[in-house]
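Only one structure is covered here, and it is reproduced in the block below.
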Amino acid sequence: MKRLHIQSATYTTFAASTLALIISSHAMAGTVTTDGPDITIKTKGGFEAATVDQSFSFKLGGRIQADFDQFDGVYTKNGKSANEAYFRRARLELSGTAYHDWKYAFNLDFAEDGSSKWKEASITYTGFKPLKVKVGRFDPDFGLEKATSSKWISTIERSIIYDAGEWVNDKQDGMGVQVSGTSGMFYGSAGINRAKNNEDDNGSNNNTYNMRAVVAPMAEAGNVLHFGVNYAKRSTEDFDGRIRSRMGVRGTTEDSKNGNRPTFASSQAGQFDSDSAWGLEAAYALGPFSAQSEYLRRDISAKSGSALKDRQVDGYNLQLAYTLTGESRGYKLDGGKFDSIKPSNKQTGAWELVYRYDHLTVADADMDMTGSFYDTKAKVHTMGVNWYANDAVKVSANYLKAKTDQVANAANDDSGDAISLRVQYAF
């Protein structure tokens with residue numbers, strides 16, 4: 001216990017010192033060079049130092065996201081109103097070049113309960129151009145919205161379709177290797193990830209396999225045409241086939257007393273022996289307007305002789321966004337993802353409106369009292385506004401309206417409303 005307290009104090013001291021350095025650095029400006037091998041120091045958007053030939057570099061940054069959620073109905077255990085305030089993310093991020101073709105990234109997340117863990121700790125070799133090889137702890141590559149940083153997605157939380165199979169882009173505190181590359185209008189990746197403490201009876205690793213391919217004939221801010229396909233499969237002997245969702249409101253699980261995370265297919269340990277998923281993605285952007293859509297299907301196969309049927313989960317979404325002040329969403333073909341909006345007017349910032357529709361269905365989810373199988377489903381409408389006050393500060397507000405069908409733990413409510421607020425500082 002003493003060791004844990006010491007470790008926690010060390011992380012806290014490190015975080016406080018680093019934040020002080022970053023905040024103070026915003027008061028500085030310009031470029032500094034030295035005698036001998038020149039070093040360039042940049043203080044805009046974090047703290048960055050690099051040799052002029054880019055053979056060595058490091059950048060120190062991070063993000064703080066403070067959230068407040070108000071929710072009722074199906075979002076709560078008793079159907080009444082509840083609320084929660086919490087830090088969604090508090091991270092310090094260090095990345096750069098260790099030596100020429102060797103890159104590194106370390107992201108440390110400080111949790112609400114005072115604990116901390118590595119969100120990413122990876123080393124990437126870029127010498128096999130156009131390919132890159134990444135090794136370490138990182139999220140598997142699956143889906144457009146998941147590839148986009150949580151700092152720059154247009155809604156506060158990502159689409160509920162990712163709840164259909166959380167493992168497809170979750171490192172599960174494990175280790176992995178990924179090969180990716182960009183050439184012309186194409187981007188692709190393939191990786192293997194091993195979840196922590198996930199082995200078969202013989203001690204061999206149970207792995208997750210991911211593949212993603214993107215083609216983008218237009219790939220620059222305000223001029224995007226993007227198509228992608230994804231596939232993931234895992235070999236594991238320890239999964240229960242359960243499907244549940246926060247339905248776009250993280251506060252439902254942050255609130256331990258009355259928050260509710262509806263279950264769309266119950267836990268049935270030992271009844272399934274195969275798990276795979278595939279997805280489609282598309283996006284279009286023209287100036288301040290952007291549209292994107294994704295489809296995800298997960299197939300869970302029941303064991304031979306099981307009383308259960310195979311479970312099929314289908315989810316899709318459609319999102320429309322428009323920047324009232326005229327700025328375009330950034331886009332990066334390397335990674336196949338949207339990026340930040342940079343306000344043109346540093347005094348008034350940029351204003352973005354967004355609407356998203358999510359739909360999730362589980363076929364043959366469970367049996368009723370008569371022994372007949374039934375389906376479950378959910379749909380969520382999200383309307384929101386984002387104010388990019390400057391390059392570092394973003395303020396967001398979302399209104400969500402959800403409706404479910406045949407959910408087991410919904411406190412006799414099949415619908416619910418929520419309001420989510422977020423203040424973000426990213427450096």
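Take Lys377 and apply the salt bridge (Lys or Arg N to Asp or Glu O under 4.0 Å) test, not counting sequence neighbours, and it matches no residue. Partners of Lys146 according to the salt bridge (Lys or Arg N to Asp or Glu O under 4.0 Å) rule, which considers only residues two or more places apart in sequence or in another chain, are Asp139. Residues forming a side-chain contact (heavy atoms from CB on, under 4.5 Å) with Ala66 (at least two apart in sequence, or on another chain): Phe87. Contacts of Ser396 classified as side chain to side chain donor-acceptor pair (under 3.5 Å), with partners at least two apart in sequence or in another chain: Asn386. By the salt bridge (Lys or Arg N to Asp or Glu O under 4.0 Å) test, Lys59 is found to be paired with no residue, residues two or more places apart in sequence or in another chain being considered. Listed by chain and residue number, His381 satisfy the ring pair (Phe, Tyr, Trp, His ring centres under 6.0 Å) test with Tyr357 (two or more places apart in sequence, or in another chain).
For the pair Arg234 and Phe239, the cation sits on the ring face: its NZ or CZ lies under 6.0 Å from the ring centre, inside 45° of the axis.
Annotation: Leu324, atom CG; neighbour count of heavy atoms from other residues, nucleotides and ligands within 6.0 Å is above 12. Around NZ of Lys257, the count of heavy atoms belonging to other residues, nucleotides or ligands within 6.0 Å does not exceed 12. Within a 6.0 Å radius of NZ in Lys379, other residues, nucleotides and ligands contribute 12 heavy atoms or fewer. Within 6.0 Å of atom NZ in Lys401, 12 or fewer heavy atoms from other residues, nucleotides or ligands are found, so the atom counts as exposed in its surroundings.
Exactly one of Lys117, Lys119, Arg137, Arg91 qualifies for a salt bridge (Lys or Arg N to Asp or Glu O under 4.0 Å) with Asp109. That residue is Arg91.
A salt bridge between Arg63 and Glu93 is present, with a side-chain N of the basic residue lying under 4.0 Å from a carboxylate O of the acidic one. Between Glu166 and Arg261 there is a salt bridge, with a side-chain nitrogen of the basic residue lying less than 4.0 Å from a carboxylate oxygen of the acidic one.
Of the possible polar contacts, one joining the Ser245 side chain to the Met247 backbone as a donor-acceptor pair under 3.5 Å is found. Thr155 places a side-chain N or O within 3.5 Å of a backbone atom of Glu157 that can act as its donor or acceptor partner. Checked by atom type and distance alone, the side chain of Ser57 pairs as donor or acceptor with a backbone atom of Thr97 at under 3.5 Å. Using modelled atom types, one side-chain atom of Thr76 and one backbone atom of Gly79 make a donor-acceptor pair closer than 3.5 Å. No side-chain donor-acceptor contact under 3.5 Å links Thr376 to the backbone of Asp405. The main-chain N or O of Gly143 is found under 3.5 Å from a side-chain atom of Asn230 such that the two form a donor-acceptor pair. Between the side chain of Arg422 and the main chain of Ile156, a donor-acceptor pair closer than 3.5 Å is present. Proximity of a side-chain donor or acceptor of Glu294 to a complementary backbone N or O of Leu144 within less than 3.5 Å is detected. For Arg158 (side chain) and Thr148 (main-chain N/O), a donor-acceptor pair under 3.5 Å exists by modelled atom type. With hydrogens and angles disregarded, a donor-acceptor distance shorter than 3.5 Å links the side chain of Asp69 to the backbone of Gly251.
With 3.5 Å as the limit, one finds no donor-acceptor pair spanning the side chains of Asp255 and Tyr86. Side chains of Gln292 and Arg329: a donor on one and an acceptor on the other come within 3.5 Å. Looking only at atom types and distance, the side chain of Asn398 has no donor-acceptor partner in the side chain of Ser420 under 3.5 Å away. Using modelled atom types, one finds no donor on one side chain facing an acceptor on the other under 3.5 Å when comparing Ser150 with Arg88. Judged by distance alone, the side chains of Asn223 and Tyr331 never bring a donor and an acceptor atom under 3.5 Å apart. Between the side chains of Ser306 and Gln271, a donor-acceptor pair is found at a separation under 3.5 Å. Side chain to side chain, Arg356 and Ser159 fail the donor-acceptor criterion of an N or O pair below 3.5 Å. Side chains of Gln70 and Ser81: a donor-acceptor N/O pair is present below 3.5 angstrom, by distance only.
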Inset, instruction - Check the pair Tyr295 / Asp314 against side chain to side chain donor-acceptor pair (under 3.5 Å), numbers first and verdict last. - result: CA-CA 8 Å; Tyr295 170 78; Asp314 292 276; 2.4 Å; yes

Inset, instruction - Apply the test side chain to side chain donor-acceptor pair (under 3.5 Å) to residues Gln312 and Arg297: give CA-CA distance (whole Å), side-chain angles for both, the deciding distance (0.1 Å), then the verdict. - result: CA-CA 7 Å; Gln312 178 179 309; Arg297 172 171 169 173; 2.8 Å; yes

Legend entry - Pair Thr263-Arg242, side chain to side chain donor-acceptor pair (under 3.5 Å): steps then yes or no: CA-CA 7 Å; Thr263 298; Arg242 179 176 60 179; 5.8 Å; no

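Note on ring orientation: taking the six-membered ring where Trp is involved, the planes of Trp387 and Trp351 are parallel (angle under 30°, cut-offs 30° and 60°).
A heavy-atom distance below 4.5 Å is not found between the side chains of Tyr316 and Ser293. Within the 4.5 Å cutoff, the side chain of Phe68 has no heavy atoms near those of the Ile419 side chain.
Heavy atoms only, all atoms of each residue included: Asn193 and Phe138 are closest at OD1-O, 4.2 Å. Here the closest heavy-atom approach between residue Glu145 and residue Tyr162 is recorded as N-OH, 3.3 Å. For the residue pair Arg298 and Gly165, the shortest heavy atom distance occurs at NH1-CA, 3.7 Å. The heavy-atom pair separating Ile243 from Ala164 by the smallest distance is CD1-O, 3.5 Å.
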